[in-house]
Amino acid sequence: MTRRALVGFPLVLLGLASLALLREPLGVSLFYVTLLSTLFFWIAQTTSWNILSGYSGYFSFGQGAFVGVGVYSTAVLTGRHGWSFYATLPVAAVLSVLLALGIGAVAFRLGAFRGATFALLTLAVPFILAAAARLSRQVDGGQGILVPVPELPGSLRFQEFLYLVMLVIAVGGVATGYAIWRSRSGWALAAIRDNEDVAEGLGVATFRWKMLAIAVTGLIGGVAGGGWALQYGFVQVETVFVLQIPLFVIVMSVLGGRTHWLGPVLGATVIVLLQDRLTSDAVERLVGSVEQWRLIIFGGLLAVMVVFAPAGLWARVRARPAATLAAAGATLLLLALARVWGEPLDWLMAAMLAGALAAFWPVPRRPAAGSAIGTAGAPPPPAPPPDPAPPPDPAPPPPAPPPPAPPPPAPPTGAGPNEADGPGAVLIECRELARRFGGVRALAGLDLQIRAGELIGLVGPNGSGKTTLVNLLSGAVRPTGGQLHVLGRPAGGLTPHALTHLGIARTYQIPRPFEAMTVRDNVAVALMFGRQPRRPGRARSEAAGHLDMVGLAGLATAYPSDLNLHQRQLLEMARALATSPRVLLLDEALAGLNPAEIDDAVTVVRRIHSSGVTIVVVEHLLRVVNQLATRMVVLDRGTLLADGDPRQVMSDPAVVRAYLGSSRA
């Protein structure tokens, strides 16, 4: 957390706390204190949901479960066992975290629980808890629980006390969301949201970071639920485990912006204020009663935001701050001076709507880069980069062909092999390695060694098992037979991120960059979580060296969508190189390129190899393999057909038959 945040959050806490402590001298009505208590509850809940569902992309409908556990923890312990209210909040936190970890342990261990499947799983949890609470007499038993008012400190009234409790929880929750957003965990969750499989292959321990996110979600949600039990007064299953909580949380987060830590604050403020103003006398005099239209209005807002501004209001406000503030300020000033309609809250609501309308005018397609958690499909909000913060980036340049290859630079720190990996040392060894997909035998008893310093051309006809071998070596799939050793260690059961930390990196046949991140930040993520992890600020500065290695230094602030195919494949190489690999697996990195681009890519591959990285290149273009390889390995129908000097291998009649169908050809 930055120094500014370490000062800013306590100042916000003290400033808002003074509103309750000095309410009477300031002439503030209890109505405003009650309204703000409600707002703080929803800010805490929306921030809680956002850490999992916004940052990592795992859309959850289970927020009501964490709220319910928190509410009932406080209600049962205070109402039936005489506990102090303050002692129940840690219990609510622990129980909610345990529930969250239980959900995560089931969902995140099974790769099928993503997207809609994960959402349905979390939707079922509140219903299960509601049924259990209704059936259990120790919890509810269908009778409800009366929550006693705790002994209040000093001369505080109940609403003032509730205000302070919810204020502390909300500020703590937002500070936590901010700290995650600014740290390595924020980058990890952003990579998971963009492409989880690629993130795992770059060294991100995806399971660990997702478990952290869902645990924090449960913690904030449970504590806020425990505090809100006081507001319920009389707790019933029908009022706690309801769909209104997750639905409101989703609307607020999507409205505000679910990839930025301030999005939940903005969204909750708009929705809570709008919900209150829809029942005000001023609105009723203007358009009549709209209470029964409340859910329709909120649903319409959600639909509009999903279609026109999936990045949320905050992204729009950050893109046009002057216009937004001018529209909101002018509206508020005009209504306050005229005093012909409504009261201050009505004026504030009208000003916020005017600012939102101004923010929705067309904006530049790409704001400045630098946030750890951007969002695809819409302009990501420009955010200060992680510590140490460099100056903002200029606008991304238009796509351009790669510059001429510079002289080979010195390899970036940590890019080459370990000093213990002397020339000729065995880095990877396959013994009778096999992989079946149902009845299909992709690899059958392969014996192969990859030694330090080699540049191996892995060739073979379609269906020979080349990509399967790359997937096995990188951990994307696991062998069904045989043994795989990396640096002498059994590696057949290791996860992709564990193999990355051993020094295995790969590219993909079809480039798979993080579309919501700039070219530089794509490489920075690999530096943060590779074999030699860097802090975010250092990673973003060191990314330039790897981009220079592949000739993309001039496109650091561009986005992958601005790059052509060749540049995207070069970005794949730079990102893999940033993990500090011992062995780099290039899976058809030259496919689809024209002759000039192929020659440029060959130069880049040679440059990477000369920096000390062992390379295995999968390629169909035998001309390219002959130029590059120091050794050629030929696969055919999952077996090793030939292995040796490229010239001798390519003159082998068996290899010719495998490619062309006859030895005469």
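Along the sequence shown, residues carry numbers from 1. Keep in mind it's a predicted model, so treat the numbers as computed, not measured.
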Enquirer: At their closest point, which heavy atom of Ile214 faces which heavy atom of Gly104, and how far apart are they?
Expert: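 Looking at all heavy atoms of both residues, the closest pair is CD1-N, 4.0 Å.
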
Enquirer: Heavy-atom distance under 4.5 Å between the side chains of Arg582 and Val613, does that happen here?
Expert: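 The answer is no, as the side chains (C-beta and beyond) never meet within the 4.5 Å cut-off.
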
Enquirer: Does Arg451 come within less than 4.0 Å of Glu454, counting only side-chain N to carboxylate O?
Expert: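 Answer for the salt bridge query: no.
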
Enquirer: Can you name the closest pair of heavy atoms from Met549 and Val604 and give their distance?
Expert: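 Scanning both residues, the minimum pair turns out to be O-CG1, 4.3 Å.
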
Enquirer: Given Val618, which of Thr507, Leu585, Leu469, Val470 fulfils the side chain to side chain contact (heavy atoms under 4.5 Å, CB included) condition?
Expert: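 So, applying the side chain to side chain contact (heavy atoms under 4.5 Å, CB included) to Val618 and each of Thr507, Leu585, Leu469, Val470, only Val470 qualifies.
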
Enquirer: Give, for atom CD of Glu572 and atom CD of Gln509, the distance between the pair rounded to the nearest 0.5 Å.
Expert: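 One finds 11.0 Å between CD of Glu572 and CD of Gln509.
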
Enquirer: Where the side chain of His485 meets the backbone of Leu427, is there a donor-acceptor pair that is under 3.5 Å apart?
Expert: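 Flag not set: sc His485 to bb Leu427 has no pair under 3.5 Å.
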
Enquirer: Can you tell me how far the CZ atom of Arg540 sits from the OG1 atom of Thr518, to the nearest 0.5 Å?
Expert: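 Those atoms lie 6.0 Å apart.
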
Enquirer: Can you find a pair of side-chain heavy atoms, one from Asp521 and one from Tyr559, that are under 4.5 Å apart?
Expert: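 No, side chains not in contact.
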
Enquirer: When you measure from the side chain of Gln569 to the backbone N and O of Ala591, does any donor-acceptor pair fall under 3.5 Å?
Expert: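 Indeed, once roles are kept as given, a pair shorter than 3.5 Å links the two residues.
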
Enquirer: Heavy-atom distance under 4.5 Å between the side chains of Leu571 and Pro511, does that happen here?
Expert: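 No, their side chains stay 4.5 Å or more apart.
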
Enquirer: Locate the shortest heavy-atom distance separating Ser183 from Pro536; write the atom from each residue and the value.
Expert: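 Shortest heavy-atom contact: C-CG, 4.3 Å.
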
Enquirer: Measure the spacing between CD of Glu200 and CG of Leu499 and express it to the nearest 0.5 Å.
Expert: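 Glu200 CD to Leu499 CG: 9.5 Å, rounded to 0.5 Å.
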
Enquirer: Is it the case that Arg193 places NZ or CZ above or below the six-membered ring of Tyr55, under 6.0 angstrom from the centre and within 45 degrees of the axis?
Expert: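 No, Arg193 does not lie over the aromatic ring of Tyr55.
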
Enquirer: Where the side chain of Asp194 meets the backbone of Ala190, is there a donor-acceptor pair that is under 3.5 Å apart?
Expert: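 Looks like no, no N/O pair under 3.5 Å.
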
Enquirer: Indicate the atoms forming the closest heavy-atom contact of Ser253 with Asn50, along with that distance.
Expert: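 Looking at all heavy atoms of both residues, the shortest contact is OG-OD1, 2.9 Å.
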
Enquirer: How far apart are the C-alpha atoms of Thr614 and Leu455, what are their side-chain angles, what is the distance that settles it, and do they pass the side-chain contact (heavy atoms from CB on, under 4.5 Å) test?
Expert: CA-CA 6 Å; Thr614 301; Leu455 201 165; over 6 Å; no

Enquirer: Hey, could you give me the CG/NE2 distance between Leu494 and His501, rounded to the nearest 0.5 Å?
Expert: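 The CG atom of Leu494 sits 11.5 Å away from the NE2 atom of His501.
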
Enquirer: Contact between Phe437 and Thr468 at the side-chain level, heavy atoms closer than 4.5 Å - yes or no?
Expert: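 They are in side-chain contact.
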
Enquirer: Contact between Pro560 and Phe514 at the side-chain level, heavy atoms closer than 4.5 Å - yes or no?
Expert: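 Counting from C-beta outward, Pro560 and Phe514 never come under 4.5 Å.
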
Enquirer: Got a donor-acceptor contact below 3.5 angstrom from the Asn522 side chain to the Met517 backbone?
Expert: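 Checking the backbone N and O of Met517 against the side chain of Asn522, a donor-acceptor pair under 3.5 Å is found.
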
Enquirer: Would you call Glu196 and Lys210 a salt bridge, using N to O less than 4.0 angstrom?
Expert: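 Answer for the salt bridge query: yes.
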
Enquirer: Is it true that, when you exclude Ile510 itself, more than 12 heavy atoms of the residues, nucleotides or ligands shown sit nearer than 6.0 Å to its CD1?
Expert: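 Counting other residues, nucleotides and ligands, CD1 of Ile510 stays at 12 neighbours or fewer.
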
Enquirer: Do NZ/NE/NH1/NH2 and the carboxylate oxygens of Arg631 and Asp645 come within less than 4.0 Å?
Expert: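 Asp645 and Arg631: not salt-bridged.
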
Enquirer: Could you check Arg184 against Arg535 for side-chain contact (heavy atoms from CB on, under 4.5 Å), going step by step and ending with a plain yes or no?
Expert: CA-CA 7 Å; Arg184 287 178 73 245; Arg535 293 179 62 86; 5.6 Å; no

Enquirer: How close do Tyr508 and Asp197 get, heavy atom to heavy atom, and via which atoms?
Expert: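 Closest heavy-atom pair between Tyr508 and Asp197: OH-O, 4.1 Å.
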
Enquirer: Between Thr206 and Ser56, does a side-chain contact (heavy atoms from CB on, under 4.5 Å) hold up when you go through it step by step?
Expert: CA-CA 10 Å; Thr206 55; Ser56 74; over 6 Å; no

Enquirer: Could you tell me if the side chain of Ile504 sits less than 4.5 Å from the side chain of Ile428, heavy atoms only?
Expert: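 Ile428 vs Ile504: side chains touch.
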
Enquirer: Whether the side chain of Thr480 engages the backbone of Arg436 through a donor-acceptor N/O pair (distance < 3.5 Å, no angle test) should be reported.
Expert: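 Looks like yes, one N/O pair under 3.5 Å.
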
Enquirer: So, the side chain of His609 versus the backbone of Gly453: is there a donor-acceptor pair under 3.5 Å, distance only?
Expert: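 At least one qualifying donor-acceptor pair exists.
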
Enquirer: Looking at Arg520 and Glu542, is any side-chain nitrogen of the basic one under 4.0 Å from a carboxylate oxygen of the acidic one?
Expert: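 Salt bridge: no.
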
Enquirer: With no hydrogens and no angle check, is any side-chain donor or acceptor of Arg431 less than 3.5 Å from a backbone partner on Gln483?
Expert: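 No; judged by distance alone, with no hydrogens or angles, the pair does not exist.
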
Enquirer: Run through Thr639, Leu472, Leu640 and flag the one making a side chain to side chain contact (heavy atoms under 4.5 Å, CB included) with Leu443.
Expert: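 When side chain to side chain contact (heavy atoms under 4.5 Å, CB included) is applied between Leu443 and each of Thr639, Leu472, Leu640, only Leu472 qualifies.
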
Enquirer: More than 12 heavy atoms of other residues, nucleotides or ligands under 6.0 Å from CZ of Arg568: is that the case?
Expert: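 Counting other residues, nucleotides and ligands, CZ of Arg568 exceeds 12 neighbours.
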
Enquirer: Which heavy atom of Arg506 sits nearest to which heavy atom of Leu584, and what is that distance?
Expert: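 Here Arg506 and Leu584 meet closest at N-CD1, 4.4 Å.
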
Enquirer: Decide side-chain contact (heavy atoms from CB on, under 4.5 Å) for Val605 and Val617; before the verdict, give the C-alpha distance in whole Å, the side-chain angles of both, and the deciding distance to 0.1 Å.
Expert: CA-CA 9 Å; Val605 172; Val617 55; 5.6 Å; no

Enquirer: Can you tell me if Ser48 uses its side chain to pair, donor with acceptor, with the backbone of Thr217 under 3.5 Å?
Expert: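 The answer is yes, because a donor-acceptor pair under 3.5 Å joins these two groups.
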
Enquirer: Does any part of the side chain of Leu555, heavy atoms only, come nearer than 4.5 Å to the side chain of Leu563, both counted from C-beta?
Expert: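 Sidechains of Leu555 and Leu563: in contact.
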
Enquirer: Are the side chain of Ser53 and the backbone N or O of Ser60 linked by a donor-acceptor pair below 3.5 Å?
Expert: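 Between the backbone of Ser60 and the side chain of Ser53 there is a qualifying donor-acceptor contact (under 3.5 Å).
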
Enquirer: Using 0.5 Å steps for rounding, measure from the CG atom of Asn594 to the CG atom of Leu565.
Expert: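 It comes to 9.5 Å.
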
Enquirer: Using atom types as modelled and distance alone, determine if a side-chain donor or acceptor of Ser185 lies under 3.5 Å from a backbone N or O of Trp181.
Expert: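 Checked: no pair found.
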
Enquirer: Centroid separation under 6.0 Å, is that true for the rings of Trp49 and Phe59?
Expert: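 For Phe59 and Trp49, the ring centres are under 6.0 Å apart.
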
Enquirer: Do Leu446 and Glu432 come close enough that some side-chain heavy atom pair is under 4.5 Å?
Expert: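 Side chain of Leu446 against side chain of Glu432, heavy atoms only: no contact under 4.5 Å found.
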
